[in-house]
2 protein chains.
Amino acid sequence: MSGKLSNGKFQKLARAPAYQVVSQQIRDAIVSGELKTGELLPTEMDLAQQFGVTRTTVREAIRLLEYGGLIGRADRKRLVVCLPTKESASKSLSTAMLMHDVTFRELWEIAMGLEPLAAGLACKALSTDLKARMADNLHRTLEAKSDTRELLEVEIEFHNLIAEAANNSALLMAREPLNQLFYPAFKAVIDRLHPGGRIIDCHTRLFDAICTGDKEIAEEWMRKHMVDFERGIKMAGLDFNGPINHNDLH
Amino acid sequence: MSGKLSNGKFQKLARAPAYQVVSQQIRDAIVSGELKTGELLPTEMDLAQQFGVTRTTVREAIRLLEYGGLIGRADRKRLVVCLPTKESASKSLSTAMLMHDVTFRELWEIAMGLEPLAAGLACKALSTDLKARMADNLHRTLEAKSDTRELLEVEIEFHNLIAEAANNSALLMAREPLNQLFYPAFKAVIDRLHPGGRIIDCHTRLFDAICTGDKEIAEEWMRKHMVDFERGIKMAGLDFNGPINHNDLH
DNA sequence: ATTGGCATATTGTCCGACAATATGTCAATC
DNA sequence: GATTGACATATTGTCGGACAATATGCCAAT
């Protein structure tokens, strides 16, 4: 506050450790496409020589990228450049939400924005492939009526199929944190309330609306579906306004 | 395919390297709250002794966490446990979207889902603090009419303020990838079209609607604002259906 | 109160070494 | 001819020790 150079004449110089610089450069090479996905990363020795540092430093740099899913391993040995999956890409966002004590209500509000959006977009052009997969999903939902484990499975899958039908890969990725965080809640609701019939009804009407391309109705039924879910959470004894991680998840 | 043990009697055993195990354990300790945010992480030597591995291994484990923002540094020396910021948490999602060649249209559709949602939620209870900050933002927007650099700044800030007013930290985080990816596009649009007046009009009406708590109108004006943006992108010569990273961003 | 010197603790980087594992080659065997 | 076994090779995972650079705290000098 009161030093000689208190006025901002000089900006603090940011000298990053070598492993961060190396990491950033490899990262840039990957994102820019210079290193194409699927390609084998040069060996650690190679990289060490190219950058003029030790293998230790290179390894730390690689670890920095490994978490982000930009680098995976071909066979538990050599490393390959990867296209991050939606799961790995949204993992840090999910854990951040967890640690920020995000509530069911907050997540639900987001879902209330994205899920009807997906349903609406899915009405534009439903591919025959996806139509078949959704039909199959509906079929399995009917059969799973009492098997809560299977019901949970198909319920999640149904929403993913709709998102896929929306033909928007960004939406698919943006939705993923909801998947990861809502999963335990879905499970709790299904385990305790066995809302099989209700779910089947909703899914069927949604499927019909999407097949006929009726955007308004699809969005409307998805909203109803989400409202059902909200009610389910409350009836299952979970705290809708409480943080999702404080509720039980065993 | 045709080996002796081709039938799935045995599942492939997953032996993770030590640095991954160590990383996961530290990670669990942080997420579970065992290691509280702000707390200093034990020294590398300490951790090495506790886990019974070398400092090298511990360092690699730490690098794995460092990228996710769970660990930062207090003073460029000691490491501290951090609550991930929304920026760091959504970074991997942003780069994943970039690498998947996400288009303007896809991002815009998501924004069309989230931004009106934020505007609507903001109508519930606008704190006096936020109201003041939004008013200040509007004021600066008026003054910045010709200064494109400043205009970009306040435009982004305005949307962030609305999201903040929505009182939903999850939404704040989910929105962040849009911020990071749209930024260059906003810049391009503003640079080439100088849509100052148009922006001020929209912002003013949005602000009024939020102040009076009129949810429908707030959502409606946000949608109009987004449609304006869509038109802006096209008029600026950017390819609305093309990947965002192929368009220029210098 | 500020400055300078000094010991200490901690991280960043280097070096060299070895173990474990995947790959490829070649001969031996049925 | 296909499988098996033995062997050399390449690459990653882990170890141990070393030193440099830097932040921290204490103490004396001014």
Side-chain angles (χ1 to χ4, degrees), chain A residues 1-7 10-27 30 35 38-67 69-82, chain B residues 1-6 10-26 30 35 38-67 69-82:
Chain A
M1 301 301 159
S2 60
K4 282 179 183 173
L5 298 173
S6 62
N7 33 358
F10 300 101
Q11 53 184 347
K12 78 172 64 170
L13 42 93
R15 277 183 303 165
Y19 68 84
Q20 287 183 4
V21 180
V22 171
S23 170
Q24 186 62 43
Q25 289 204 26
I26 298 179
R27 179 190 180 71
I30 293 179
L35 283 174
E39 208 171 305
L40 280 163
L41 208 65
T43 66
E44 297 172 351
M45 278 297 230
D46 257 11
L47 291 171
Q49 284 183 337
Q50 288 187 41
F51 287 109
V53 295
T54 337
R55 201 160 72 92
T56 311
T57 305
V58 169
R59 284 178 62 83
E60 294 194 27
I62 290 179
R63 294 310 152 244
L64 222 46
L65 299 180
E66 190 174 339
Y67 182 82
L70 282 116
I71 284 180
R73 49 198 67 225
D75 48 36
R76 172 145 99 225
K77 208 78 183 180
R78 289 295 298 273
L79 296 173
V80 292
V81 180
C82 289
Chain B
M1 301 303 159
S2 61
K4 283 179 185 173
L5 298 173
S6 61
F10 302 102
Q11 52 183 346
K12 77 172 65 173
L13 43 93
R15 279 182 304 166
Y19 68 85
Q20 287 183 5
V21 180
V22 171
S23 170
Q24 187 62 44
Q25 289 204 28
I26 298 179
I30 294 179
L35 282 174
E39 208 171 306
L40 279 166
L41 207 65
T43 65
E44 296 172 351
M45 280 295 234
D46 259 9
L47 291 171
Q49 284 182 338
Q50 289 188 41
F51 286 109
V53 296
T54 338
R55 202 160 72 93
T56 311
T57 305
V58 170
R59 284 178 63 82
E60 294 194 26
I62 291 179
R63 293 312 152 242
L64 221 45
L65 299 180
E66 189 174 336
Y67 183 80
L70 282 112
I71 285 180
R73 46 200 69 225
D75 48 36
R76 172 145 98 228
K77 207 79 184 178
R78 288 298 297 272
L79 295 172
V80 292
V81 180
C82 289

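The sequence lines fix the lettering, A, B, ..., with proteins before strands; numbering per chain opens at 1.
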Exercise. Find the distance Asp46(A):CG to dT11(D):C1' and express it as a whole number of Å.
Key: 11 Å
Quiz prompt | Side chain of Glu44(B) (C-beta onward), nearest among dT12(D), dG13(D), dG12(C) | solution = dG12(C)
Quiz item: Phosphate oxygens OP1/OP2 of dT13(C): is one of them under 4.0 Å from a side-chain N or O of Tyr19(A)?
Solution: no
Polar atoms only, N or O, under 3.5 Å: list the protein pairs with nucleotides 16-18 of chain C and their distances.
unit_1  : atom_1 : unit_2   : atom_2 : d
dA17(C) : N6     : Arg55(A) : NH2    : 3.3

Exercise. Report the distance from atom CZ of Arg73(A) to atom P of dT21(C), rounded to the nearest whole Å.
Key: 14 Å
Exercise. Report the distance from atom CG of Leu65(A) to atom SG of Cys82(A), rounding to the nearest 0.5 Å.
Key: 11.5 Å
Quiz prompt | Sugar-phosphate, base or nothing in reach of Thr57(B), heavy atoms under 4.0 Å | solution = sugar-phosphate
Quiz item: Is the shortest side-chain N to carboxylate O distance from Glu66(A) to Arg63(A) below 4.0 Å?
Solution: yes
Quiz prompt | Whole-Å gap separating C1' (dT10(C)) and CG (Leu40(B)) | solution = 11 Å
Practice problem: Could you check how far CG of Leu41(B) sits from P of dA23(D), rounded to whole Å? | Solution: 19 Å
Quiz item: Atom CZ of Arg78(A) to atom P of dA22(C): distance rounded to whole Å?
Solution: 14 Å
Quiz item: Nearest-Å distance, CD (Gln49(A)) to C1' (dT11(D))?
Solution: 14 Å
Quiz prompt | side chain to side chain contact (heavy atoms under 4.5 Å, CB included) assessment of Ile30(B) paired with Ile71(B) | solution = CA-CA 9 Å; Ile30(B) 294 179; Ile71(B) 285 180; 4.2 Å; yes
Quiz item: If only side-chain N and O atoms of Arg63(B) are considered, is one of them under 4.0 Å from the OP1 or OP2 phosphate oxygen of dG12(C)?
Solution: yes
Quiz item: Roughly how far apart are Leu47(A) CG and Thr57(A) OG1, rounded to 0.5 Å?
Solution: 12.0 Å
Quiz item: What's the CD-P distance between Glu60(B) and dG16(D), to the nearest Å?
Solution: 15 Å
